[in-house]
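All remarks here apply to the structure that follows.
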Amino acid sequence: MTAKLKIYNTLTRQKENFEPINPPHVGLYVCGPTVYSDVHLGNVRSFLSFDIVYRYLSFLGYKVRYVRNITDVGHLVDDADSGEDKIAKKARLEQLEPMEVVQKYTNGFHDVMRLFNILPPSIEPTATAHIIEQIEMVKKILDKGFAYESDGSVYFDVRKFNESHPYGKLSGRNIDDLMANTRSLDGQDHKRDPLDFAIWKRAESSHIMRWPSPWGEGFPGWHLECSAMSTKYLGAEFDIHGGGMDLKFPHHDCEIAQNIGATGKSGPRIWMHGNMLTVNGRKMAKSEGNGFTPEELISGNHKLLEQGYSPMTVRFFMLQCHYASTLDFSNEALRAAEKGYKRLMDAIDGLEGLEPSGKSDFDLAALQAACAEAMNDDFNTPILISVLFEAAKIARQIQSGDRSCSEEDLTGLRSLFDDYAFTVLGFRKLEESKGKEEELTPGLMDLILKLRHSAKLSKDYATADRIRNALQEMGITVKDTPQGSEYKID
RNA sequence: GGUCACGUGGCCGAGUGGCUAGGCAGAGGUCUGCAAAACCUCGUACAGCGGUUCGAAUCCGCUCGUGACCUCCA
């Protein structure tokens, strides 16, 4: 069966049949985090969206090279030359070395990704480790005449570029509109045109992160790293580039300009943009201060949270919404997700010890087809989940004997859940209940031993022994002491 | 101000010209020693106003509302 995957391409504003440039290989680049603070839920949603893309492409049999960068050269905090490197600023605040900040938050980022079962990329390049590549790219852009040097900085010449290529095509902007809205910023004297953007910046004396270059000491421009690293690892032309909606302009449009400026090719064929997570209708963002950390999420210790939610509940909650739509966070919705997720998992779990019962009276092939169809339609996870609920209902009915199922279809049903719930959607099996079960053990044992104790008191030794023997079989040794019963789990 | 999205039943969210989305909550029922779970049934929702059409939540126009981007941001 050939997959007919369709992906919405921001560039063409329509769903397109996915045809890799070099099948079975697929190049996927995703804009990663800037590691100067803790990631929040909004960030998680974005990386989760592309985790699904990565998982599904892999599931279809493609050999995916998934590149997701770590931005460890801070973009500028303030406008233009007065700006201070984000990382350097944080370093001063916390009195750490810049790279110490980078390491700290990179570690934190990885922890969060693991928590939500978001797979690591094939390559996770850092900007600071690719300064040479970025300098080379600046040189190429200069050579082709799409940039100029000015006072130790190099700027991309947007007007010149626009003569031959439409600048702002991705985000649907044109130069004249942009001009009409350009703010007059301080320290832009060195630019020929307000629209121009830096691809190499001269480092002021106070700037901590700096590297030597043909134009003096400085650091790479805002948008350059993604162009340099995607070109290096995926080529001048590759399949998919993803990122958050908020990166469309200027970041991604600048990337395209840089790619063409340096290589003559625009880079990715398909641009995918994940939408925002909102809180009370507003984008969750570092600058809004309405985000929360995973610790707060799990503990529920945050003013926006009425209770704690497990990572898988959150994963399920997010996947119930299409990646291209905004998703509004609310406790009510999260609680609904928690229940729904548990019900789905219970149904899947119930399939474990089931015996086949004659001929199937349901259409497994139709379910499988519906799953594939959902994912092939631009990774429509909400529809996939609705199909999984249908399958779960059938699973429960088989369990309760209201439906029959052949051995073949039972296996098929199990692998349907394995494929789509676990491999593609990346849910973790029974994560919650396992933790809970361990917590419960002391209480349960106490209860059981008390029941046994009262049996002994009433000289019902048959029951007392039955309990002890049964526990022994489960690997729990009960020892009666003068102080009472003790137990040990082998 | 410019550009672009979006507005679906109590809540969250698919769909995008005619055929049940789904989940959560709610109502009734079956089952059950009780309770829970499970199963069955139940909502004539598509911001408003016009238009196109045999037929529109789905296409077009206008109005209202919300948001994103235009500055670092997933």
Side-chain angles (χ1 to χ4, degrees), chain A residues 10 13 30-34 36-37 39-50 68 71 74-80 83-87 89 109 168 170-174 176-183 185 195 197 222-223 242-253 273-278 280-288 291 316-344 346-347 350 370 374 377 380-390 392-393 395-397 399-403:
Chain A
T10 309
R13 288 156 205 270
V30 171
C31 290
T34 305
Y36 67 94
S37 66
V39 292
H40 61 252
L41 254 204
N43 299 307
V44 170
R45 151 115 123 135
S46 184
F47 298 124
L48 173 61
S49 298
F50 295 105
R68 190 184 62 205
T71 299
H75 293 319
L76 295 182
V77 167
D78 299 317
D79 292 323
E84 186 181 12
D85 188 299
K86 257 182 192 171
I87 307 279
K89 182 181 183 186
F109 170 66
L170 180 68
S171 58
R173 270 155 237 255
N174 63 60
D176 297 327
D177 289 340
L178 288 167
M179 274 311 290
N181 296 297
T182 304
R183 296 182 304 164
L185 302 172
L195 291 180
F197 57 91
W222 300 269
H223 315 295
M245 212 65 111
D246 47 358
L247 296 178
K248 245 199 240 178
F249 191 86
H251 186 60
H252 290 333
D253 264 314
H273 292 277
N275 217 134
M276 301 292 108
L277 180 70
T278 59
N280 297 323
R282 307 209 135 255
K283 171 183 167 185
M284 184 182 280
K286 283 164 185 165
S287 52
E288 295 267 345
F316 178 83
F317 166 68
M318 289 182 173
L319 294 178
Q320 266 189 306
C321 174
H322 187 75
Y323 74 85
S325 302
T326 53
L327 171 62
D328 197 58
F329 167 90
S330 75
N331 281 284
E332 206 177 352
L334 238 357
R335 245 181 275 116
E338 184 175 50
K339 287 199 176 177
Y341 178 68
K342 188 177 176 302
R343 237 164 65 87
L344 182 62
D346 281 349
D377 185 14
N380 199 323
T381 55
I383 297 231
L384 173 57
I385 288 174
S386 78
V387 177
L388 291 179
F389 270 106
E390 273 179 50
K393 189 170 180 173
R396 277 187 229 103
Q397 288 168 337
Q399 246 188 110
S400 62
D402 293 330
R403 243 177 217 290

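Chain letters run A, B, ... following the sequence lines, proteins first and then strands; every chain starts at 1. Atoms considered below: every heavy atom in the structure, side chains included; atoms not considered: hydrogens, waters and symmetry mates.
Among B:rC4, B:rA68, B:rC40, the nucleotide with an atom closest to any side-chain atom of A:Arg13 is B:rC4. Comparing B:rG23, B:rC39, B:rG13 by their nearest atom to the side chain of A:Cys321 picks out B:rG13. Nearest to the side chain of A:Asn43, among B:rC4, B:rC73, B:rA14, sits B:rC73.
Atom name C1', nucleotides B:rG13 and B:rG23: the rounded distance is 8 Å, in whole Å. Atom C1' of B:rU58 sits at a distance of 14 Å from the matching atom of B:rU52, rounded to the whole Å.
Dashed line: the shortest gap from a side-chain N or O of A:Lys283 to OP1 or OP2 of B:rC69 is under 4.0 Å. A sub-4.0 Å separation between OP1 or OP2 of B:rC69 and a side-chain N or O of A:Arg173 is absent. Taking 4.0 angstrom as the limit, A:Asn275 places none of its side-chain polar atoms (N or O) nearer than this to OP1 or OP2 of B:rG67.
Residue A:Arg343 is classed as a sugar-phosphate contact, given heavy-atom separations below 4.0 Å to backbone atoms only. Residue A:Asn174 is classed as having no contact, given no heavy-atom separation below 4.0 Å to the nucleic acid. Base engagement by A:Met276 is indicated by at least one non-hydrogen atom pair under 4.0 Å involving a base atom. Across all strands, A:Ser325 comes closer than 4.0 Å only to sugar-phosphate atoms, never to a base (heavy-atom distances). A:Lys339 comes within 4.0 angstrom of the backbone, heavy atoms only, and of no base. Contact annotation for A:Arg396: backbone-only contact, meaning every heavy-atom pair under 4.0 Å involves sugar-phosphate atoms and none involves a base. Nucleic acid contact class of A:Leu334 (heavy atoms, under 4.0 Å, all strands): none. Among the protein residues, A:Glu390 comes within range of no part of the nucleic acid, since none of its heavy atoms lies under 4.0 Å from any strand. Residue contacts for A:Leu247: at a heavy-atom cut-off of 4.0 Å it reaches the sugar-phosphate backbone alone, with no base atom in range. Using a 4.0 Å heavy-atom cutoff across all strands shown, A:Gly274 reaches no nucleic acid atom at all.
Here CE of A:Met245 is found 10.5 Å from NE2 of A:His252. Values are rounded to the nearest 0.5 Å.
Checked by atom type and distance alone, the side chain of A:Asn380 pairs as donor or acceptor with a backbone atom of A:Ile383 at under 3.5 Å. The backbone N or O of A:Pro33 lies less than 3.5 Å from no partner atom in the side chain of A:Asn43, so there is not a single donor-acceptor pair.
Using a 4.5 Å heavy-atom threshold, the side chains of A:Arg343 and A:Arg396 count as touching.
Rounded to an integer number of Å, the gap from NE2 of A:His322 to P of B:rA5 is 15 Å. Rounding to whole angstrom units, CG of residue A:Leu170 and C1' of B:rU3 are separated by 13 Å.
With A:Phe50 as the aromatic partner, A:Arg68 does not meet the cation-pi criteria of under 6.0 angstrom to the ring centre and within 45 degrees of the ring axis.
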